[in-house]
Each structure stands twice: as C-alpha cells, then as structure tokens.
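A quick write-up on the structure given underneath.
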Amino acid sequence: MALPAEIQQEVSEWLQCQVISVHPLGGGCIHHAQRVETAKGIYFIKYNQVSQAHNFEVEAKGLELLRSAQALRIPELIRQDQVGDYAYLILEFVESGARTPKFWEQLGHGLGQLHQRRGEAFGLKYDNYIGALPQINTQKGRWLDFFRECRLRPMVELAERKGQIDASTMHQFDQLYERLPVLFPEEAPVLLHGDLWGGNLMTGANGEPVLIDPAVYYGHREMELAFMTMFDSQPESFYEAYEEVYPLEEDWEDRIPLCNLYPLMVHVNLFGGSYLGQVKRNLRELLK
C-alpha cells in the first residue's frame, strides 16, 4: 500500500524537506510500513487507520522508555501523530547488517543492563498492546498477583469468550493460580521489552543488536528470557554475558513452561487453537 498523500505531506512539512522516494516494507502483520527517503535522510514510517492512534502512542512511549535505559540500541522516535484518516509513527531508519561474532555477547550484556532498570511496582502506569491484543498493565505490588490478574486471566477469559479453550483447560488454569506462590521466586520489578522474539530483534549496520516493536512493562525478568526461547534458541555466549551483568537463579529454566503460558495464550487468541496443545502440555507439566 502506498504512503497516503496526507502523511507524505505531513512528513515534508514537519521535516521541512522534500520526500525523494517511498518504498513499502514487508514483515508487519498489523500496520503498513514504508522506507521514506528525504533530503534530510531516510526514515521508517508505520501507519494505519486513525483508530490505531492509541497503539502508536503507547509504542512511542515504550520506545522512549527503553531508550532511556541506554542499555541497547533502540530506534530513535522522530514523531507520532495523526492526520486525516491516518495515525502514524516516524522512526529512525535502521540499516541492516551482518551479525558480528560479538552480537550475542552484546545482547546478553545489554539485556542484563536493561533488566537492572527497576520499577516501583509490577506493571505500568498505562496499558499497551502485545501484537494486536490489549495488554493490561494495572500495577501490583507482588509479581504473583500481576502475573495471575494481568497476564494469565485476561488471555484465558478472552480465549473462553472466543471459544478457543475448553472447560478442562480452564479448570487447570484455576488449579495453577492456587499453586503460583510456590512456583515463582520473588524478584524486583524490572523493565522488560515485553515481546522479545526473533522478529523484534534486528541486526544494525555495524552488526549490533537492535530492539524494535516493544510491549514494555515492569515485570519478572524470567518472562523475557523464557519468551526468547519460544521460537528460537540462543547460544551459551548470550547467557554467559547476561549473567556477568545480572546472575539468574540456577533453576530459572525450569520455569520456562510457566512463563511462556502468557505468550502462548496470546498466540491462541491471535492465531487460533493450534497453540492450545502446547498450553495443555505446559499445564500438565506444572501441575503434576
């Protein structure tokens, strides 16, 4: 889809320069994306109907929050606004490159530093989105309460309304809620990217890691590390570098099935019941 004329005009006026070329980019499943070359440089623009304005607003806040930690490279926010029937987000355009041998070490060190940014409570002062779904961030003093009430319950209840989950699995979730106090170790709330899978991890022109498309909140850091294992694997050098900065509990990997119940239920709600089998396997493992 071509960049709407209203947005192109807005870009020209805001940057006070001419748009030279516009090229559509693939990879996005929610918004339209364009590489826009101007007389002042190249920019990345995401846009959608004006009904998506809040989505762009909270994404802009999330990017700025991650950038403030100065731990990893995050695209610079240029502008977030709306014009006519469209909402849009203008970011620095990140040129892609080949990963260097130090890529995973850089990511491990950087993520460890990001996770040392502490919050006052678990959650965030505003709700945002995980993919196309609302993400509830009501602040809680205890991780177990936040995980149950703001991560699992909303997704399980949404799946029930959509007919994506059966009564037996609902009952297993109820059993899990009762067992949570003995499953999670206590940790302080730390800043998380929130949606850190391979599609949101770029390699910059100099081979460095770049994080995009966040779903930020202050949470338990094992959630982030577990989510990274859902579709990909990371080399040992990543974990060694992370633990140099912020050591993990020795048994943290035992809780991957627990942590990943949230992103799995997100996928059940976004893409249908094909992910429900993994949810059931995780629940059986946790409840045995």
Side-chain angles (χ1 to χ4, degrees), residues 1-69 72-96 123-139 150 154-155 158 191-197 199-202 204 210-218 266 269-271:
M1 182 174 177
L3 184 67
E6 301 100 306
I7 300 179
Q8 188 163 322
Q9 180 65 28
E10 187 93 343
V11 171
S12 297
E13 292 179 359
W14 173 253
L15 297 174
Q16 295 185 325
C17 66
Q18 181 182 0
V19 172
I20 298 172
S21 65
V22 178
H23 299 283
L25 299 171
C29 58
I30 303 173
H31 308 300
H32 307 291
Q34 307 275 346
R35 177 188 185 273
V36 178
E37 183 179 356
T38 75
K40 287 188 176 180
I42 301 173
Y43 300 91
F44 175 81
I45 297 183
K46 287 204 293 190
Y47 67 96
N48 211 323
Q49 297 298 310
V50 73
S51 60
Q52 296 291 312
H54 184 253
N55 191 303
F56 289 134
E57 178 186 340
V58 294
E59 180 176 348
K61 287 183 179 181
L63 289 167
E64 290 295 271
L65 185 55
L66 291 176
R67 278 178 62 85
S68 72
L72 287 161
R73 184 177 175 191
I74 311 295
E76 180 184 358
L77 172 66
I78 308 300
R79 183 172 173 80
Q80 175 266 314
D81 208 341
Q82 57 192 66
V83 58
D85 294 330
Y86 299 99
Y88 66 90
L89 189 64
I90 306 177
L91 304 174
E92 138 191 37
F93 186 82
V94 177
E95 296 284 358
S96 297
L124 204 59
K125 292 182 179 178
Y126 54 90
D127 294 339
N128 51 21
Y129 299 85
I130 179 84
L133 297 178
Q135 179 167 261
I136 308 302
N137 293 323
T138 305
Q139 292 180 302
C150 301
M155 289 299 154
L158 177 59
L191 182 58
L192 306 181
H193 173 280
D195 194 6
L196 192 50
W197 65 289
N200 290 338
L201 174 60
M202 289 185 62
V210 183
L211 307 189
I212 61 172
D213 293 346
V216 300
Y217 66 100
Y218 288 93
V266 169
N269 283 309
L270 285 175
F271 306 114

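Sequence positions, counted from 1, serve as the residue numbers for this chain. Small disclaimer: the values here were computed from a predicted structure and weren't measured.
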How close do [X] and [Y] get, counting heavy atoms only, and between which atoms?
| X | Y | value |
| --- | --- | --- |
| G204 | V94 | CA-CG1, 4.3 Å |
| L192 | L66 | O-CD2, 4.4 Å |
| N55 | V58 | O-CG2, 3.4 Å |
| Q82 | Y88 | N-CE2, 3.9 Å |
| N128 | V216 | ND2-O, 2.8 Å |
| L191 | A69 | CD2-CB, 4.4 Å |

Hey, could you give me the [atom1]/[atom2] distance between [X] and [Y], rounded to the nearest 0.5 Å?
| X | Y | atom1 | atom2 | result |
| --- | --- | --- | --- | --- |
| L3 | S21 | CG | OG | 11.0 Å |
| L124 | Q139 | CG | CD | 7.0 Å |
| Y47 | E10 | OH | CD | 15.0 Å |
| L63 | L89 | CG | CG | 6.5 Å |
| R79 | I45 | CZ | CD1 | 11.0 Å |
| E92 | Y43 | CD | OH | 10.0 Å |

Taking side chain as C-beta onward, heavy atoms only, is [X] less than 4.5 Å from [Y]?
| X | Y | value |
| --- | --- | --- |
| Q49 | Y86 | yes |
| Q52 | K46 | no |
| D195 | D213 | no |
| L201 | V210 | no |
| W14 | D81 | no |
| H32 | P24 | no |

More than 12 heavy atoms of other groups within 6.0 Å of Q18 CD | no
If you draw a 6.0 Å radius around NZ in K125, do more than 12 non-hydrogen atoms from other residues or ligands fall strictly inside?
-> no
Expected output: side-chain [X] to main-chain [Y] donor-acceptor under 3.5 Å:
| X | Y | answer |
| --- | --- | --- |
| K40 | L15 | yes |
| H193 | I212 | yes |
| D127 | N137 | yes |
| N48 | I30 | yes |

Ring geometry between H54 and Y129 (parallel below 30°, tilted from 30 to 60°, perpendicular above 60°) | perpendicular
Walk me through it: do I74 and L211 pass the test side-chain contact (heavy atoms from CB on, under 4.5 Å)?
-> CA-CA 5 Å; I74 311 295; L211 307 189; 3.7 Å; yes
CA sep, side-chain torsions, deciding dist, call: I130, M155, side-chain contact (heavy atoms from CB on, under 4.5 Å) = CA-CA 11 Å; I130 179 84; M155 289 299 154; 4.2 Å; yes
